[in-house]
Amino acid sequence: ACGGGDKEETNGNNDNKNGDTAELEGSVVIDGSGTVYPFMAKMAENYMTNEQEGVSVEVSRAGTSAGFKKFLAQDGTDFNDASRQIKDEEKAEAEKLKIDVQEMKVALDGLTFVINKDNDWAKELTQQEIIDIFLAEKGKKKWSDVRPDFPAEEIKTYGPNENHGTYEFMFENILEEKALPEAINLQQDYSTLVDLVSKDKNAIAFFGYGYYESNKDKLAAVKVDFGKGPVEPTLDTIAEDGEYAPFTRPVFTYLNVNHAKEKPEVLDYAIYTMENAQDVAKETGFAPLSDEDKQASLEALNGLK
Amino acid sequence: MKGVFILAKAVAEEKNKLNVRKMIEEKKNSASLGNFTEKFIPGTLFAIAAISVLTTIGIVVTLLSETIMFFREVPFLDFFTGTKLKPLGEDAVFGVLPLLTGTIISSAIAMLVAIPIGVMTAVFLSEYASEKLRRTVKPLLEILAGIPTIVYGFFAFTFVTPLLRSIIPGLEPTNILSPGIVMGIMIIPMVASLSEDAMSAVPNSMREGALALGATKLEVAWKVVVPAAISGIIASFVLGISRAIGETMIVTIASGSSKNFTFDITQSMQTMTAYIVEVTGGEAAAGTTLYYSLYAVAMTLFVFTLIMNLVAQYISRKFREEY
Amino acid sequence: MKYVDAQQVQKKMASRLLANNVAKGLFLLATLFGLVVLVILIYRVVAQSIGWLDADFLMNKLSTAPERAGIMGAIMGTLWLMLVVAPVTMILGVGTAIYLEEYAKKGKLQSFIQTNISNLAGVPSVVFGILGLTVFVRALDLGSVVLAGGLTMALLVLPVVVVASQEAIRAVPQFLREASYGMGATKWQTIKNVVLPASIPGILTGVILALSRAIGETAPLVVIGIPALLIPLPEGILDRFTILPVQIYYWTIDSALVAEYANLAAATIVVLLIVLFLMNSIAIIIRNKFQKRY
Amino acid sequence: MAATSENERKTLNIKSKREGSGTVGAPKNIVYNTKDLNLWYGEGHALKNINLEIYENEVTAIIGPSGCGKSTYIKTLNRMVEMVPTVRISGEILYRNRNILDKNFKVEDLRTRVGMVFQKPNPFPKSIYENIAYGPKIHGIRSKKVLDEIVEKSLRGAAIWDEVKDRLNQNAYGLSGGQQQRLCIARCLAIEPDVILMDEPTSALDPISTLKVEELVQELKNDFSIIIVTHNMQQAARISDKTAFFLNGEVVEYEDTDIIFSNPSDKRTEDYITGRFG
Amino acid sequence: MAATSENERKTLNIKSKREGSGTVGAPKNIVYNTKDLNLWYGEGHALKNINLEIYENEVTAIIGPSGCGKSTYIKTLNRMVEMVPTVRISGEILYRNRNILDKNFKVEDLRTRVGMVFQKPNPFPKSIYENIAYGPKIHGIRSKKVLDEIVEKSLRGAAIWDEVKDRLNQNAYGLSGGQQQRLCIARCLAIEPDVILMDEPTSALDPISTLKVEELVQELKNDFSIIIVTHNMQQAARISDKTAFFLNGEVVEYEDTDIIFSNPSDKRTEDYITGRFG
Ligand SMILES: Nc1ncnc2c1ncn2[C@@H]1O[C@H](COP(=O)(O)OP(=O)(O)OP(=O)(O)O)[C@@H](O)[C@H]1O
Ligand SMILES: Nc1ncnc2c1ncn2[C@@H]1O[C@H](COP(=O)(O)OP(=O)(O)OP(=O)(O)O)[C@@H](O)[C@H]1O
Ligand SMILES: [Mg+2]
Ligand SMILES: [Mg+2]
Ligand SMILES: O=P([O-])([O-])[O-]
């Protein structure tokens, strides 16, 4: 189930905890980020096929913010995947409901701007140009408004809707809370976004790197010039301190600690997730988190036992 | 044969075993349970029958109570006249018009497909086709009617949309046209079969009357049979519209979720039903305006279809009185 | 004075006959249109499912990897759902039909219930989804489990069973009831021993048609909240579950991400259509076999 | 067979009608006593002031033109007429001295004691065996052995045993019309009724089947009281002891069959039996 | 009315049957000439070797017992019989010397020239006006003025104008049965046919309406050739010039009505008209 350099260490931990033979039962309910969904779905599948067949792990993808609403509720979900950090209001709500929340950083994602394969002009844009396209106040309605030598065709902007952490990351961190264009087409499902962009020559959309990576045949990613020349988002460039750093963000899953204490399978799954995060990240289009981050999370989790 | 009975009786009496009357009397005296069942059953059955009524009440009450909550937060007029729908985020706005136009336009497209084709099919089957042909075609059309809507959704998404996009250049990847057409196809059997029933109910003597005047079959069909069956045919349209308004999966899959207030059928639009799926599928945390909006939209949808159904019932009841 | 000019009529005749023939052709085309679409649709899904629909696909659990994914979970979920829907609609539907046909006095109450049932039949399925979400999932706190989905679906298809059962009960000739009453049978004995056995084929046909409707419904269950990824097989009516049409739904929208998902969706559609076809065939066989026995 | 005091007279009664039944001195028990019976279907006055006494162990025939109320009357005797929702009844019908029109009288009880055979044979769509066992079963008899005996006895009683004994488990609808009708009579016998009502039991049958049923009726009257509606005057003359002639909902004449057919006192009776109308 | 050569004779023909129509010397034109006509419904042989010549400006009655093929024959004359899918026909029917059974013969053409009135009045569920205007309209007459005139003329021709002139826009189903039948006749007249076929046109009507229709038929024969099927022998005798007696799909006798009813040559005809069967 696990691999890489952490092999001995993890195995040791496992033995200590439940022993390899301990059969767990029950269910783990996960909702939240659509960005993290492929990572978590893969993780869940691995867990159920290789680790604990008796445990049912159920993964949905309502979006980070929508997920938090289900997470921060009586009998809420066990985990909430998030493509942004938990907000203060959400923390306050958790406190009110007496839900202890454990943040688990699981991987790194690069906010990727994708265009149609047939778009041969916007393959490289500067950081500012991209931001301007998505700012209502700049009024970039046509591609030619961005650069005069671009075609005089309408820019079609797309993105995930407000249920999503990606939207909020864009809105809060990149656009500094300034309004997006009125005409932007916001969608609930990433699959819809991929589909739309792949069929619209004038489209530009933003979402997590993973969705770009698994659809490279349909989409192109904009190389972003952060001042030192165009950088293509790749697993390397979005890694910690990579060249794509300004658009890189950590992605998380949040654990309901109360549940973890009541249900051994929840805690077991949390530990499994951290132990295998780096591998699954690479398979699903994320940059792996650092060993320190991983150890920190694992320690916290082991402390819950 | 005479005497057989008496013999049998004699044998029975001899053994003195079989006295049915006495047995029945005995059983009757001990059978108070039967009496109880007899009294108990009608009440139970009534309670069961009442469940269908309770279901309706349940629908109305759940929708209504949360809808009232919704209108506490969003003024009634704003909802029904608002052209902007932005249910998420800080600056949420709830105008239902984008959904209404989406619903009406998709239904209109569907009926534009279903009405002509459905009626023409009905005319063909009732006026032109031989009995044998009719008996083969009708079940085939019923198959079409029995295909789950999710399959039509898949068909719209993976076949009809790409096909249309290769014909109509400006067509967006998700648009209202493709699901509208596919919904129309789905409704054809309904219109065809109900209209055909109405036309078959027109007495043959009327056809004979017209034919005897030298009318062609077309003239008989168009000027005698269709007018005579018109209320039944219209009832089929109304039911078809009701079906289109309530159809969910085809639009959810194929028309995207843009909440633009537009009349451009090449664009993506959202219907009321697709909105309900989107909101419940994403976030439906109780108590938020977004959550209540779900019920307000569902209520609107419910009222729409209810009116359509009542109209259809009224029309077809009137139709039945005609002959 | 002559108004109808024979020559004039003669001249028009040709164009009228032409119009008739053109119209006939047009009407035939319209009739064929539906059938052609049916053929295309079936051809498309079957063609797309080839290479994907095999024993493994039927037996495997769900997976994010297309080549390993199977629909055992959806099949089991569908079966469990039917195990709830079938008895519930049967009891409710047949009970309602008996009440309306045998017990209710012809009057306001009876016609009210009748009207209510026909209106219920026209309520969009997604609205039933909201009812199920509000009442079964939330208020009764069942969660998105088989029981909640099954009850929702049972209410949704109830009108189909009621109407079919009513027709079947109405078709039982009065003289059979008279024969039973004449033996001193009570009303319930007559219904139980004579009316129901005689109408059972019609009722069964209705139930099967209702189930085949339930098997294909998607919207109410999506609304009730079936997860996108649920690998374990449901083992009871209180387990979370997924069903074939919902699986088709998620694979269809995710086909933008993983193209092969479209093939999985197509393969699942083929399975669903085969199941529906079998159910309808059984219904038709029952109907034909037991038609007109008196 | 309910009353016990009548066994002694039974042997006396075994004599053909030709010997002059109904005029014998021994007083007969009254099974049904109808007093001032009136019946309306909605506004239609179907029975008018009926007064009739029907005797034990006799065949009583009811004749009259179509629509005169024969079926209505006979169906009133087991209250089957109440299945028509618009029916209103006044008057009294005493069955064994209890008024069956009384609200407290249980119809199921009545119908257990009063069997009925209908114009059109109406077997249940079940096996022959189940048809006969139906009555005993609903009245609580479950023992397979007892049921077997009842079935055989009833089928023998209805003179159809030999024809069906090898196919008891086959569907009753496989029988011919005449066999079906005798099966229906057997079904009646299975609950050992006191009275058997027959509403034109042979009108749907061919002459040979009719003859068989008529013979059967003759035999049955040894054990049961039989009231039979018939259109066929020859039939009434052949098999009945008493005949009531109905016209427009009224009893025109009620007499020994011999007298009715040889010497009717009412002109209308005479006109009817001589075929002048009806 | 198509042929032009006959106008001169029309005046001659205006005389009552009592004066002895059909025996006058002037040779009449043949409208329909049926030669060796055979017709089967599936396996049932409904018309057998029919040979009949039907003359212009006469009323030809077809009589015979139920099921003898009267309706079948008259419906063959405008090929309406083909609406039954199992029909097979052999032989010839010459209408104005053209064989209407010929594949190339257009039925619409035929039916424009040959009107038909049915047993049961069958107006369209439209206004009275639209009922009459239907025929002219489908034949291409659009002018409102012309249509108005046609409607009035036809309704007058069918002797119903006075009764309906104030309610032309009301639904035809508001009329009485007799009025509906005359409306159907008027509808026929509106396309100015050559021949009018009538299949028991009065059998659904009360005696007074019947009388009116009979009078109408008498008048119409001045302008049209009329073939009328009737069950009512008095009617045939009253209004027809020639009568054909059908039996079991065959023509037993075809003669002047006077002769048929006073001196039939076939025994079966005599039996039928004297009411001995049928
Ligand atoms: N269900 C009913 N509702 C209203 N009127 C009825 C009903 N049944 C019978 N009648 C009327 O009551 C009168 C008596 O009918 P009944 O059936 O008793 O006649 P009958 O003597 O049995 O005739 P038949 O010899 O034709 O069977 C008739 O005028 C009939 O029309
Ligand atoms: N559509 C049909 N299919 C099969 N057989 C038919 C059909 N119409 C009539 N027949 C048969 O053809 C024969 C002649 O029928 P037709 O209707 O011409 O009789 P008719 O002389 O008009 O009788 P009536 O006086 O009762 O109207 C009958 O034996 C009838 O059963
Ligand atoms: Mg009767
Ligand atoms: Mg006829
Ligand atoms: O789906 P999100 O990752 O953007 O919340």
Side-chain angles (χ1 to χ4, degrees), chain B residues 34 37-38 41-42 45-46 48-49 51-53 55-56 58-59 62-63 116-117 120-121 123-125 128 137 140-141 143-144 146-151 153-155 157-159 185 188-189 216-219 242 245-246 248-249 253 273 276-277 280-281 294-295 298 301-302 305-306 309 313, chain C residues 16-17 19-20 23-24 26-28 30-31 33-35 37-38 41 44 91-92 95-96 98-100 103 113 116-120 122-127 129-131 133-135 155 158 162 186-188 212 216-219 222-223 225 245 248-249 252-253 262 265 269 272-273 276 280:
Chain B
T37 325
E38 210 54 41
I41 291 281
L45 289 176
F46 174 74
I48 288 176
I51 287 182
S52 70
V53 178
T55 308
T56 311
I59 290 174
T62 45
L63 293 187
I117 297 181
M120 287 198 284
T121 305
V123 171
F124 182 79
L125 291 180
Y128 287 92
V137 171
L140 286 175
L141 286 177
I143 296 183
L144 205 58
I147 288 179
T149 59
I150 182 74
V151 177
F154 177 83
F155 185 63
F157 188 69
T158 63
F159 179 71
I185 293 171
I188 288 173
T216 61
K217 276 197 169 179
L218 176 66
E219 287 152 355
S242 163
I245 290 176
T248 310
M249 293 326 289
I253 289 182
T273 50
I276 293 171
V277 169
T280 48
L294 184 68
Y295 291 85
L301 176 67
F302 177 72
T305 49
L306 183 67
N309 291 333
Q313 277 169 31
Chain C
R16 286 171 50 215
L17 287 175
N20 180 49
K24 183 177 176 180
L26 207 62
F27 296 160
L28 176 64
T31 308
F33 177 80
L35 303 182
V37 170
L38 182 65
L41 189 152
R44 288 273 312 179
I91 291 167
L92 294 186
T96 305
I98 294 174
Y99 177 77
L100 289 176
Y103 283 98
I113 297 180
N116 174 66
I117 286 167
S118 42
N119 284 331
L120 215 50
V123 173
S125 59
V126 69
V127 173
I130 292 199
L131 177 75
L133 178 71
T134 316
V135 175
L155 294 182
L158 182 58
V162 173
T186 60
K187 190 156 198 165
W188 176 242
S212 66
E217 273 294 343
T218 320
V222 172
V223 167
I248 296 170
Y249 170 60
T252 304
I253 58 174
I269 287 174
L272 182 62
L273 291 183
L276 285 176
N280 283 304

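Chain identifiers are assigned alphabetically (A, B, ...) following the order of the sequence lines, protein sequences preceding nucleic acid strands; residue numbering begins at 1 within each chain.
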Given a strict heavy-atom distance threshold of 4.5 Å, which part of [X] is in contact with chain B: side chain, backbone, both, or neither?
X	value
C:Val123	both
C:Leu28	both
C:Leu41	both
C:Arg44	side chain
C:Leu92	both
C:Ile91	both

Pick whichever of [options] has the most heavy-atom pairs under 4.5 Å with chain C.
options	value
B:Phe157, B:Phe46, B:Phe302	B:Phe46
B:Ala298, B:Pro42, B:Pro189	B:Pro42
B:Asn309, B:Leu141, B:Ile41	B:Ile41
B:Thr62, B:Ile245, B:Leu144	B:Leu144

Side-chain touch [X]/[Y], heavy atoms, less than 4.5 angstrom:
X	Y	answer
C:Val162	B:Ser52	no
B:Met120	C:Leu26	yes
C:Phe33	B:Thr121	no
B:Phe154	C:Ile269	yes
C:Phe27	B:Ile117	no
B:Phe155	C:Val37	yes
C:Val126	B:Leu301	yes
B:Lys217	C:Lys24	no

Please flag which part of [X] lies under 4.5 Å from any non-hydrogen atom of chain C: side chain, backbone, both or neither.
X	value
B:Ile51	side chain
B:Ile59	both
B:Thr305	side chain
B:Ile185	side chain

Exactly one candidate in C:Asn280, C:Leu273, C:Leu38, C:Leu276 meets side chain to side chain contact (heavy atoms under 4.5 Å, CB included) with B:Ile143; the answer is C:Leu38

Checking C:Leu131, C:Leu120, C:Leu155 against B:Thr56 for side chain to side chain contact (heavy atoms under 4.5 Å, CB included), the one that qualifies is C:Leu120

On a heavy-atom basis, which atom in [X] and which in [Y] lie closest, and how many Å separate them?
X	Y	result
C:Asn119	B:Gln313	OD1-NE2, 3.0 Å
B:Pro148	C:Gly216	CB-O, 3.5 Å
C:Gly122	B:Ser242	O-OG, 4.1 Å
C:Thr96	B:Ala49	OG1-CA, 3.5 Å

- Task: For C:Glu217 and B:Ile150, run side-chain contact (heavy atoms from CB on, under 4.5 Å): C-alpha distance rounded to whole Å, both residues' side-chain angles, the deciding distance at 0.1 Å, then the answer.
- Result: CA-CA 8 Å; C:Glu217 273 294 343; B:Ile150 182 74; over 6 Å; no

Rounding to 0.5 Å, atoms OH (C:Tyr249) and OG1 (B:Thr248) come to a distance of 10.5 Å

Interface check, chain B: of C:Gly225, C:Ala23, C:Ser118, most non-hydrogen pairs under 4.5 Å belong to C:Ser118

Main chain of B:Leu218, side chain of C:Asn20: is a donor-acceptor contact present, judged purely on distance under 3.5 Å? yes

